[in-house]
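Reviewing the structure listed below.
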Amino acid sequence: MVRIVLAEDSVLLREGLVGLLERFGHQVVAGAGTADELIAAVTEHRPDIVVTDVRMPPGFSDEGLRAAIELRTRQPDLPVLVLSQYVQRTYAEDLLDSADGRGVGYLLKERIGHVEEFIDALHRVGAGDTVVDPEVVRQLIRHRRDPLSRLTAREQEVLALMAEGKSNASVAAAMTVSEGTVSKHFGSILAKLDLSLDDTTNRRVLAVLAYLRG
């Protein structure tokens with residue numbers, strides 16, 4: 001069982017998420033409708049993970065994301081999973097930079113195709129992994145064109161999937177190619193970006209994201 005503080009200003013959506021999480025055996029110890037309530041709830045309940053929206057009262061801009069960054073500053077080991085309807089690039093980078101990017105996720109709501117994907121992301125972030133929506137990666141790539149411009153379209157696709165935290169086998173399945181083909185593409189990416197990475201998936205994700213933010 002994972003103890004969760006859930007921040008979502010829409011009562012209907014919040015209650016729906018509570019029911020979903022409880023169905024998978026987790027406990028929502030507190031629900032928050034504002035960024036201030038989120039910070040207070042985390043301080044009181046010391047949850048295993050925070051799940052938060054980006055836009056929250058009073059400004060409905062980026063209050064939830066900024067609160068998440070503040071919480072990570074106070075508690076670097078606090079896992080945070082952000083669910084959003086859009087990419088807030090600047091604060092997304094700050095969130096990914098916090099605590100070396102470990103135990104953090106940024107997913108777009110409309111891209112979560114299956115409940116199992118969301119629950120899997122929750123578990124991975126709670127375990128200290130990094131889970132990033134490919135659209136966030138694409139926006140980071142657009143702001144780092146050189147030498148990323150040297151990558152082929154296929155290599156950029158592999159890079160985006162790797163940044164989601166996918167293993168070679170998962171990337172191969174998503175692209176309908178062999179693992180050998182994925183390894184070849186990734187080797188080419190490493191060479192073009194002058195990266196040297198070990199074979200652990202999350203360290204690879206962190207290194208790729210660090211490069212994209214650089």
For Arg66 and Glu70, what are the C-alpha separation, side-chain angles and deciding distance, and is it a salt bridge (charged side-chain N to carboxylate O under 4.0 Å, His left out)? CA-CA 6 Å; Arg66 286 190 284 114; Glu70 180 178 341; over 6 Å; no

Step-by-step side-chain contact (heavy atoms from CB on, under 4.5 Å) determination, Leu161 to Val182: CA-CA 11 Å; Leu161 290 168; Val182 172; over 6 Å; no

Apply side-chain contact (heavy atoms from CB on, under 4.5 Å) to residues Val42 and Arg74 and explain how you reach the verdict. CA-CA 11 Å; Val42 170; Arg74 296 181 184 182; over 6 Å; no

Decide yes or no on side-chain contact (heavy atoms from CB on, under 4.5 Å) for Val5 and Val29, but give the supporting numbers first. CA-CA 6 Å; Val5 165; Val29 295; 3.8 Å; yes

Carefully, step by step, assess Val125 and Val80 under the rule side-chain contact (heavy atoms from CB on, under 4.5 Å). CA-CA 7 Å; Val125 171; Val80 171; 5.9 Å; no

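Contact annotation: the side chain of Leu107 never approaches that of Glu117 to less than 4.5 Å [non-hydrogen atoms, C-beta and beyond]. Residues Phe118 and Leu20 have side chains in contact (heavy-atom distance under 4.5 Å, counting atoms from C-beta outward). Between Met175 and Arg154, the closest side-chain pair of non-hydrogen atoms falls below 4.5 Å. Tyr106 has its side chain within reach of Leu65: a pair of non-hydrogen atoms, C-beta onward, lies under 4.5 Å apart. By the 4.5 Å heavy-atom criterion applied to side chains, Leu21 and Ile119 are counted as neighbours. Contact check for Val177 versus Lys184: no side-chain heavy atoms found under the 4.5 Å cut-off.
Distance CG/Leu17 to CG/Leu12: 11.0 Å, rounded to 0.5 Å. In this structure, CD in Glu15 is found 9.0 Å from CG in Leu6, a value given to the nearest 0.5 Å.
Cluster membership check: Phe60 does not share its hydrophobic cluster with Leu13, using side-chain heavy-atom separations under 4.5 Å among Ile, Leu, Val, Met, Phe, Trp and Tyr.
For the pair Glu8 (side chain) and Ser10 (backbone), a donor-acceptor distance under 3.5 Å is present.
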Output a table of donor-acceptor pairs, distance under 3.5 Å, between side-chain atoms of residues 48-56 and any protein atom two or more places apart or on a different chain; print 'none' if there are none.
residue	atom	partner	partner atom	Å
Asp48	OD2	Arg3	N	2.7
Asp53	OD2	Lys109	NZ	3.3

